[in-house]
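Working notes, structure below.
Read the numbers this way: they start at 1 and go in the same order the structure lists the ligands and their atoms. Numbers here are sequence positions counted from 1.
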Amino acid sequence: MEKRTNFSSKLGIVLASAGSAVGLGNVWRFPTEVGEGGGAAFILVYILCVVLLGLPLMVAEFIIGRHTHKNTADAYRQLAPRSGWIAQGYIGVFTSWFILCYYSVVAGWTLKYLVEALSGGLGSISDSAAYFKAFSGATWEPLAYMAIVMLMCHLVIIRGVQAGIERSSKLMMPLLLMIIAVLLVFSFSMPGSREGLTFLLKPDLSKLTSSVILSAMGQAFFSLSIAMGCLCTYASYFTDDARLVKTAGSVALIDTVVAVMAGFIMFPAVFSVEAVTPDAGPGLVFITLPHVFRIAFGSVPLVGWFFAVMFYLLLLLAALTSMVSIHEPPTAFLIEHFRLSRPVATTIVTAVCLAVGTLCCLSFGALADCRPLFGLTFFDFFDFVSAKIFLPLGGMIISLFVGWRLDRKIIVGQLTNAGTIRIPAWAVSAFVFLLRWFIPLAMGGIFVKELGII
Ligand code: PHE
């Protein structure tokens with residue numbers, strides 16, 4: 001079994017954790033939700049959710065991970081031996097494993113679109129909706145792209161914490177942030193930038209229904225990678241001098257800024273071409289935007305080409321850094337729990353994901369009618385179980401665990417780095433209050449909503 005290592009620097013810690021948080025959720029889901037949920041009013045609610053719910057939960061996961069320096073399953077076993085809380089450790093391991101199975105399908109699509117953008121092929125697609133349907137519904141091509149991105153992720157994870165996760169994050173995250181800056185300049189110089197920004201930012205309080213508020217919470221959790229075992233596993237590699245609250249603050253800030261910027265990039269571009277209300281989710285990124293790029297190609301080919309290449313590269317980088325963070329929890333679990341070597345553990349996780357990912361990938365074509373579980377396709381089933389059930393459930397359990405069960409001395413010791421940083425006592429009490437009462441109630445709300453009970 002390999003010797004446990006830590007991240008080598010504070011920068012590595014922030015970039016790896018931010019890499020986990022910044023993902024497809026920021027670039028495609030957030031902007032659409034803002035557009036549909038009342039513009040600036042939604043952004044405000046979202047920020048409140050990040051600060052009041054997301055941040056405390058992220059810190060709670062960091063505390064568990066860094067205190068134990070163990071994979072998620074063994075971390076709970078150490079903190080609460082022979083108790084039901086151990087289940088949460090396993091939920092973390094398996095939820096991330098589930099997410100990877102369907103996340104890699106979409107990551108594969110982004111690679112395909114990047115290849116098409118690079119070759120200029122995107123410029124000649126006349127009906128982008130039909131094109132996307134044909135591609136995602138095919139058998140071999142989407143499978144091949146999914147396998148390639150899985151392999152990329154595999155090659156990072158197999159190298160371990162410092163040479164794999166940390167090095168790749170230090171390379172990919174700055175590149176990602178640079179691309180965002182370049183795309184912002186492009187997008188703001190487009191003729192429709194005013195309409196796009198108005199659509200995105202017009203505060204429309206009438207749209208702020210309870211269901212929109214709950215969506216903002218769900219989006220905040222998914223986007224911050226909370227309750228999936230990823231943050232807890234990464235924190236188990238944090239050094240003792242890393243400041244947990246500061247790190248969580250930086251990660252949440254980067255994640256939120258990237259999400260808002262993604263909206264600033266996409267909507268001006270979309271509205272420059274036609275005043276359409278963009279489709280949600282995959283539609284926006286794989287149907288509406290290719291249409292925008294094609295028109296841009298038609299007028300100034302080089303500009304269209306550049307914008308498209310940069311955009312899909314951004315999406316691929318965002319997806320890859322998140323995939324890496326989702327691969328690590330099950331890998332660390334197999335290494336430490338079953339005493340496997342890293343190459344063997346990594347290969348097992350990748351192989352299972354490829355097998356289950358194949359079912360998810362074919363859900364858009366050959367297996368579209370195969371719905372053995374709750375009448376859902378495999379893709380929708382894995383999405384539903386992980387993001388809609390285990391995410392809110394896990395969030396609730398983590399906050400109850402750290403709020404009620406974990407020894408206050410451990411919490412204070414982690415927050416103050418064994419007494420070397422000063423944190424006022426009221427701040428610790430406020431943190432524990434949020435975990436004990438506020439967050440479990442809010443998470444309960446999400447849970448009930450996601451299951452369609454209200
Ligand atoms: N936060 C990532 C995103 O925004 C997704 C993710 C979820 C990553 C859970 C890790 C764990 O896309």
Between the side chains of Glu166 and Lys10, is the shortest nitrogen-to-carboxylate-oxygen separation below 4.0 Å, so that they form an ion pair? no
Atoms in ligand 1 flagged as close to Ser223, the criterion being non-hydrogen separation under 4.0 Å: 1 (N), 4 (O)
For Ser325, the atoms of ligand 1 under 4.0 Å from one of its heavy atoms are 10 (C)
Proximal candidate to atom 11 (C) of ligand 1 [heavy atom criterion; set Cys230, Ala227, Ser96]: Cys230
Indicate, as side chain, backbone, both or neither, the part of Ala318 found under 4.0 angstrom from ligand 1 when only non-hydrogen atoms are considered. neither
Under a 4.0 Å N-O cut-off, is there an ion pair linking Lys70 with Glu336? no
Nitrogen or oxygen atoms of Ile326 and ligand 1 under 3.5 Å apart: no
The closest protein heavy-atom partner of atom 7 (C) of ligand 1 is Phe222 O, 3.7 Å
Result for side chain to side chain contact (heavy atoms under 4.5 Å, CB included) between Ile125 and one of Phe135, Phe132, Tyr131 points to Tyr131
For ligand 1, find out whether one of its N or O atoms is nearer than 3.5 Å to an N or O atom of Ser322. no
Atom 3 (C) of ligand 1: which of Ala21, Gly92, Gly19, Ala107 has the nearest heavy atom? Ala21
Leu224 versus ligand 1: do any nitrogen or oxygen atoms come within less than 3.5 Å of each other? no
From the list Arg66, Arg4, His67, Glu328, side-chain hydrogen bond (donor to acceptor under 3.5 Å, both in side chains) with Ser236 holds only for Arg4
For Val93 and Pro329, work out which heavy atoms get closest and say how close. CG2-O, 4.4 Å
Run the numbers for me: atoms of ligand 1, each under 4.0 Å from some heavy atom of Ser20, listed by number. 1 (N), 2 (C), 8 (C), 10 (C)
What closest approach, in Å, do Phe62 and Leu244 show between heavy atoms, and which atom pair accounts for it? CD1-O, 3.8 Å
If you have a sec, work out which protein heavy atom is nearest atom 6 (C) of ligand 1 and how many Å separate them, to one decimal? Ser225 OG, 3.8 Å
Using atom types as modelled and distance alone, determine if a side-chain donor or acceptor of Ser169 lies under 3.5 Å from a backbone N or O of Ile165. yes
Atom CD1 of Ile398 and atom CD1 of Ile439: how far apart are they, to the nearest 0.5 Å? 10.0 Å
Closest non-hydrogen protein atom to atom 9 (C) of ligand 1, residue and atom name please, with distance? Met228 CG, 3.3 Å
Subset of ligand 1 atoms that lie under 4.0 Å from at least one heavy atom of Asn26: 4 (O)
